[in-house]
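Quick notes on the structure that follows.
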There are 2 protein chains.
Amino acid sequence: MSVTAAQGFSAAGIAAGIKESGQPDLALVVNRGPRRAAAGVFTSNRVKAAPVLWSEQVLKGGEVTAVVLNSGGANACTGPQGFQDTHATAEKAAEVLEGHSAGEIAVASTGLIGLPLPMDKLLPGVERAAAALSEHGGEKAAIAIRTTDTVHKTSVATRGGWTVGGMAKGAGMLAPGLATMLVVLTTDADVAAPALDSALRDATRTTFDRVDSDGCMSTNDTVLLLASGASGITPPGEEFDEAVRTVCADLARQLIGDAEGASKDIRIEVVNAATEDDAVEVGRSIARNNLLKCAIHGEDPNWGRVLSAIGTTKAAFEPDRLNVAINDVWVCRNGCVGDDRELVDMRYREVKITADLSAGTESAVIWANDLTAEYVHENSAYSS
Amino acid sequence: MSVTAAQGFSAAGIAAGIKESGQPDLALVVNRGPRRAAAGVFTSNRVKAAPVLWSEQVLKGGEVTAVVLNSGGANACTGPQGFQDTHATAEKAAEVLEGHSAGEIAVASTGLIGLPLPMDKLLPGVERAAAALSEHGGEKAAIAIRTTDTVHKTSVATRGGWTVGGMAKGAGMLAPGLATMLVVLTTDADVAAPALDSALRDATRTTFDRVDSDGCMSTNDTVLLLASGASGITPPGEEFDEAVRTVCADLARQLIGDAEGASKDIRIEVVNAATEDDAVEVGRSIARNNLLKCAIHGEDPNWGRVLSAIGTTKAAFEPDRLNVAINDVWVCRNGCVGDDRELVDMRYREVKITADLSAGTESAVIWANDLTAEYVHENSAYSS
């Protein structure tokens with residue numbers, strides 16, 4: 001279903017030869033209208049890949065006709081030539097789709113940083129992808145954007161006569177602002193660009209921005225939302241926001257579940273914080289603590305490392321009022337040893353850490369992964 | 001030599017039975033005077049162990065007669081009882097040293113968080129350590145403070161008639177402000193407490209505070225500097241500061257060289273920064289990037305991950321003016337691919353990363369380690 005679950009969209013995913021392995025590496029998503037409203041959120045890394053710089057400009061117009069996505073090369077740190085390559089990609093897509101200009105074509109890339117894209121393969125690939133476009137092509141598009149992902153990720157939310165669907169890739173370098181993720185969401189609801197933008201920012205703030213697999217922020221993160229208006233329905237704002245949030249949350253959870261080398265998915269709930277910002281800061285500090293991530297891997301309910309991570313933040317709290325539960329066992333109460341750590345069952349993939357700051361009523365959830373020898377292997381044995 | 005290299009000090013290291021392994025676990029360092037001036041720097045973690053809270057109070061008086069240090073237990077997150085245990089330790093030391101009060105005795109602990117110390121073993125241990133005090137006991141004291149350290153760490157700088165010496169422990173949880181490190185420095189120079197404090201802060205700022213093995217900040221970090229005045233010499237301030245800095249730099253380098261599970265020591269030089277703060281921020285961001293740490297482990301000169309880490313900071317720079325060298329080969333020039341990465345030889349333990357921000361004239365050096373399967377194993381297979 002993916003990006004073609006909503007009416008008015010077609011998509012394709014092909015092997016253009018960008019990846020030496022011959023695996024699918026080029027996706028095309030086309031909005032057939034009648035509307036072409038769009039919104040986008042991009043990495044906050046100041047070292048931005050060429051396609052991010054390009055697509056940020058495209059999105060300023062609030063209209064997107066198509067998105068070209070490639071795996072097999074990030075086109076980041078490639079200088080003026082890299083930007084020209086992105087521009088040429090958009091030009092090629094505009095040409096083959098007929099009647100459109102490059103300024104309506106967003107581009108997204110993922111893969112190794114610092115290498116030029118093989119344009120002699122990519123540009124013919126755009127032609128072939130356009131020829132393969134189908135209203136059932138969403139699955140193939142989702143497959144073509146994978147890098148080290150072991151599965152492709154899609155999600156759909158259908159409401160009263162309209163749908164939000166999407167695809168995502170990302171398996172490492174996941175950290176707020178955003179992860180190394182490429183996400184394309186589509187909807188056939190008739191929603192104008194400003195409302196799309198608001199829905200998308202609201203959704204990413206509490207979903208993709210709260211996924212922190214390994215603390216590393218990418219140069220290429222891109223999340224796009226395209227609206228065709230093909231259902232003829234303009235849903236109430238809150239209802240639309242909820243559907244976008246649901247799809248984003250589902251895709252974000254799938255990203256964490258497929259993080260490179262991970263054996264545990266860690267749900268970090270920070271509760272009773274003075275402010276939501278405090279809750280997020282504490283959650284991220286816990287999520288990024290390598291010693292804790294190792295302990296979780298070893299199924300060791302090491303709450304001391306949680307307290308140690310909380311202690312590095314500026315959040316409001318008193319050390320002797322901190323409580324920590326691991327899988328609902330309150331192993332730390334009032335900053336000291338609490339219930340018997342032997343009661344904690346950590347055999348399952350999902351592990352929940354609850355950090356109670358006893359400082360207010362705000363809360364936040366951050367998702368992280370454990371740190372494993374496999375993560376080290378995947379990220380040391382080859383360039384990515 | 002260690003803490004007894006300077007005149008006026010005696011020390012001991014014994015096995016008190018705190019560690020189940022029966023290894024040495026209790027050290028005592030005594031300043032025999034004639035002066036007892038002292039300065040201290042402690043963790044900036046807001047979750048502080050009982051001995052840190054205690055010793056911070058002791059140091060406010062500017063005089064320290066003795067330091068009791070134990071491995072085998074951090075006495076952190078142990079509540080009011082933990083503080084009472086630290087107090088009792090200081091009382092016991094004051095009693096056996098005769099003629100002193102607990103308020104002159106600093107205490108430092110390292111080991112697992114959240115467990116009460118076995119006081120029935122620790123207090124008799126203090127008596128036995130006092131009986132074992134020797135002017136040649138520095139080595140044994142350095143051995144007794146080890147936790148997962150594979151070697152003990154000492155350093156001595158002798159100048160014209162006076163000496164600064166010291167010992168350190170720490171092999172993980174090393175991060176600014178400070179590492180999980182216990183350090184005791186001694187000198188026979190006749191220097192008053194304010195000048196000791198200034199020398200120690202200046203030295204730690206550019207040495208221990210710039211060691212970032214795994215980004216994790218401890219609850220117990222303590223660095224103490226004790227001056228006996230036994231040489232009768234008051235050196236010029238700059239000369240004294242330099243000697244303290246030399247010993248701190250040497251000990252900090254030894255800590256990085258013995259970091260848990262590390263196979264590489266990474267010297268990160270950030271140059272041509274607009275401010276020193278910018279240089280330090282960028283250096284730390286590079287030091288904490290797990291993907292880069294994995295790449296260095298794999299001897300992969302992955303400069304894209306360096307740029308990606310720089311891009312997450314607020315430092316002044318333009319992406320297209322960034323240059324990166326790995327072991328002096330400029331693999332990234334002007335934000336793009338530079339010299340051939342095949343020229344980079346990464347076979348040796350020490351790896352140098354130079355990040356040129358092209359934004360000013362300031363610089364900083366941060367030391368880090370690679371990320372290895374052994375690190376994961378050491379920190380997941382047992383509690384620490």
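Proteins get letters first, then strands, A, B, ... in listed order; numbering begins at 1 in each.
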How far apart are the C-alpha atoms of A:N290 and B:N290, what are their side-chain angles, what is the distance that settles it, and do they pass the side-chain contact (heavy atoms from CB on, under 4.5 Å) test?
-> CA-CA 9 Å; A:N290 277 354; B:N290 278 353; 3.0 Å; yes
Does the side-chain contact (heavy atoms from CB on, under 4.5 Å) test come out yes or no for B:S308 and A:N45, once each step is laid out?
-> CA-CA 7 Å; B:S308 179; A:N45 198 310; 3.7 Å; yes
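For chain A, no part of B:L115 is nearby; none of its heavy atoms comes within less than 4.5 Å. With a 4.5 angstrom heavy-atom cutoff, B:K314 touches chain A only via backbone atoms. Both the backbone and the side chain of A:T313 come within less than 4.5 Å of a heavy atom of chain B.
When the candidates B:A315, B:S285, B:C332, B:A74 are compared by the number of heavy-atom contacts under 4.5 Å with chain A, B:A315 comes out ahead. Ranked by heavy-atom pairs under 4.5 Å with chain B, the list A:G79, A:G335, A:G311 is led by A:G311. Note on A:G82, A:A309, A:P116, A:A295: by heavy-atom pairs under 4.5 Å with chain B, the leading option is A:A295. The most heavy-atom pairs under 4.5 Å with chain B, out of A:P80, A:A76, A:G114, come from A:G114.
Side-chain atoms of B:R46 come within 3.5 Å of backbone N or O of A:F317 as a donor-acceptor pair. Checking side-chain atoms of A:R305 against main-chain N and O of B:I113 turns up no donor-acceptor pair under 3.5 Å.
In this structure the side chain of A:L322 reaches within 4.5 angstrom of the side chain of B:V47, judged on heavy atoms. Within the 4.5 Å cutoff, the side chain of A:T78 has no heavy atoms near those of the B:C336 side chain.
Taking CG of A:L291 as the start and OG of B:S218 as the end, the distance is 10.0 Å to the nearest 0.5 Å.
The two atoms that bring A:A373 and B:V376 nearest to each other are N-CG1, 3.8 Å, heavy atoms only.
The 12-atom threshold is exceeded at CZ of B:R349, counting heavy atoms of other residues, nucleotides or ligands nearer than 6.0 Å.
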